[in-house]
Amino acid sequence: MKVAQFSERIEIRVSKRFGSRAIGFSLDVVFASKDKFIVLFGPSGSGKTLTVKSVAGLVTPDRGRIAVGSKVLFDSDEHVNLSPRDRKIGYVFQDYALFPHLSLRENIEFGMKKSRCRRCEEHRQRVHEIMEMLEIDALAGHYPHEISGGQKQRVAIARALASNPNLLILDEPFSALDVLLKERMRAELIQALGRFDIPVIMITHDPRDVEMFAQTLVIYKTGRVEEICREDGAISGYLQGLMAETRPHRQERTEPAGTRKVCCAVAG
Amino acid sequence: MQVSCLTPLLITLKVAGTATVFSLCLGCALGILFARRQFPGKDILDTLITLPLVFPPTVVGYYLMVLIGRHGWLGQWLYETFGIRLIFTCTGAVIAAVAVSVPIVYKSARASFEAVERDFEDAARTLGKPETGVFLRITLPLSWRGILAGTMIAFARSMGEFGATLMVAGNLPGRTQTLSMAIYDAVQAGESMRANILVLVTTIACGFILFSSQTLLKRAHWSAGGGIE
């Protein structure tokens with residue numbers, strides 16, 4: 001059913017095998033979407049990162065086809081395999097991978113072509129705009145080890161957007177942040193990305209990310225796509241089902257926690 | 001025959017300097033190859049490159065004699081075809097110094113390249129940099145301190161080379177006699193004043209190199225700690 005929808009904006013069909021048939025891992029995923037936010041959801045080791053690395057050209061699949069709009073990035077039948085630098089994919093790594101020896105401004109400018117000096121002013125303007133939009137313009141001269149996790153994330157996103165990509169990949173963008181910051185960054189990210197007219201593929205194993213971002217939800221399980229949800233109703237239905245599975249544990253946990261609270265209040 | 005104390009120092013610096021330039025280029029090329037590529041026989045080749053580091057210098061000298069000596073495989077061909085003689089020349093001394101110092105540069109370069117996180121290089125690729133750009137702007141700037149520290153030690157090792165150089169280049173005062181050989185000669189001849197000066201010169205030169213390389217290594221650790229996470 002889903003395979004028939006290949007006229008869509010982003011098309012991903014990837015097969016790759018590692019090791020022997022008995023003990024190795026195999027990735028076989030197919031999905032396509034026209035939505036702005038595609039969320040890949042599933043446990044660690046289910047092949048999500050491998051999929052997006054194939055999209056970015058950092059991993060070469062054995063077979064398949066990857067296309068963004070009309071641009072074919074990889075097609076094993078047609079022997080198309082663009083190099084990462086020709087794919088125009090913005091990739092935000094899980095721990096951001098900001099270059100430690102370059103200032104934040106140099107990090108952001110890294111992906112911008114500086115061949116024509118008459119465009120320098122234009123470039124400076126664009127860097128400034130992006131930094132302002134993500135509220136990191138005051139940090140331009142700092143180095144990655146001098147800033148916080150939330151700021152690093154913004155710089156990594158700014159760096160990916162500055163290279164003018166056709167698609168943005170976010171690999172567990174919030175996993176390196178603390179709980180309070182996560183919630184704030186989610187809201188900020190939705191707002192910031194809303195201003196860029198490019199599709200986003202996000203990897204996560206946090207249901208809250210699914211709830212906030214997913215327009216197309218691709219559910220992974222051991223190298224396969226288990227389910228694809230597109231409608232809001234289907235996505236929230238899936239999340240409710242997921243909650244229901246964990247509910248018995250939750251109830252058990254809330255009671256002792258409540259008792260502890262009372263104890264603390266008495267002690268205080 | 002009396003040669004001033006300056007001549008052996010100049011010969012030593014010339015030989016060690018030239019050898020270090022060659023070792024740096026060869027060691028870095030081997031380092032990046034071994035750090036980033038998989039190929040059959042990799043471990044055996046690694047052992048072969050590292051062997052001169054653990055061999056007694058006389059063994060290295062002997063192998064070099066077999067290779068570039070007047071009747072050696074390469075030496076004979078070079079002499080008969082181009083009239084080039086490597087044995088008992090400064091070039092021979094440089095070759096001996098390269099043989100013992102390449103493993104040092106190679107080991108430190110490989111470790112430094114391997115320590116560069118692959119995500120940094122991948123990030124540069126997705127940002128549109130070709131492979132040479134990735135190497136020059138990411139890999140090299142993140143590893144040069146470790147490579148430089150290794151190169152300093154390789155330079156010091158080349159300066160102190162004795163056994164292999166003696167066998168390949170001989171001990172010709174004013175031509176191939178380096179500091180370490182001049183000291184040996186002075187002691188043998190009972191010229192204690194000359195030996196004292198030569199030893200002092202060597203101590204200062206080697207001390208300076210070791211101190212600088214340690215300082216660089218410390219800064220390399222600091223920069224690695226200041227990275228991501």
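This one's a predicted model, so the numbers in the text were calculated from it and none came from an experiment. The figures here come from the full heavy-atom set of this structure, side chains too, leaving out hydrogens, waters and symmetry mates.
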Test side-chain hydrogen bond (donor to acceptor under 3.5 Å, both in side chains) applied to B:E161 and B:T178, step by step: CA-CA 9 Å; B:E161 208 341 271; B:T178 57; over 6 Å; no
Geometric class of the B:F113/B:F135 ring pair [parallel <30°, tilted 30-60°, perpendicular >60°]: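 Tilted: the ring planes of B:F135 and B:F113 meet at 30° to 60°.
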Between A:F93, A:Y91, A:Y143, the one whose heavy-atom pairs under 4.5 Å with chain B are most numerous: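 Top count of heavy-atom pairs under 4.5 Å with chain B: A:F93.
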Donor on one side chain, acceptor on other, A:D35 and A:T216, under 3.5 Å: yes
A:R159 charged N/C atom sitting above A:F99 aromatic ring, 6.0 Å / 45°: yes
[X] versus chain B, the contacting section by heavy-atom distance below 4.5 Å:
| X | answer |
| --- | --- |
| A:I89 | backbone |
| A:K88 | neither |
| A:I169 | neither |

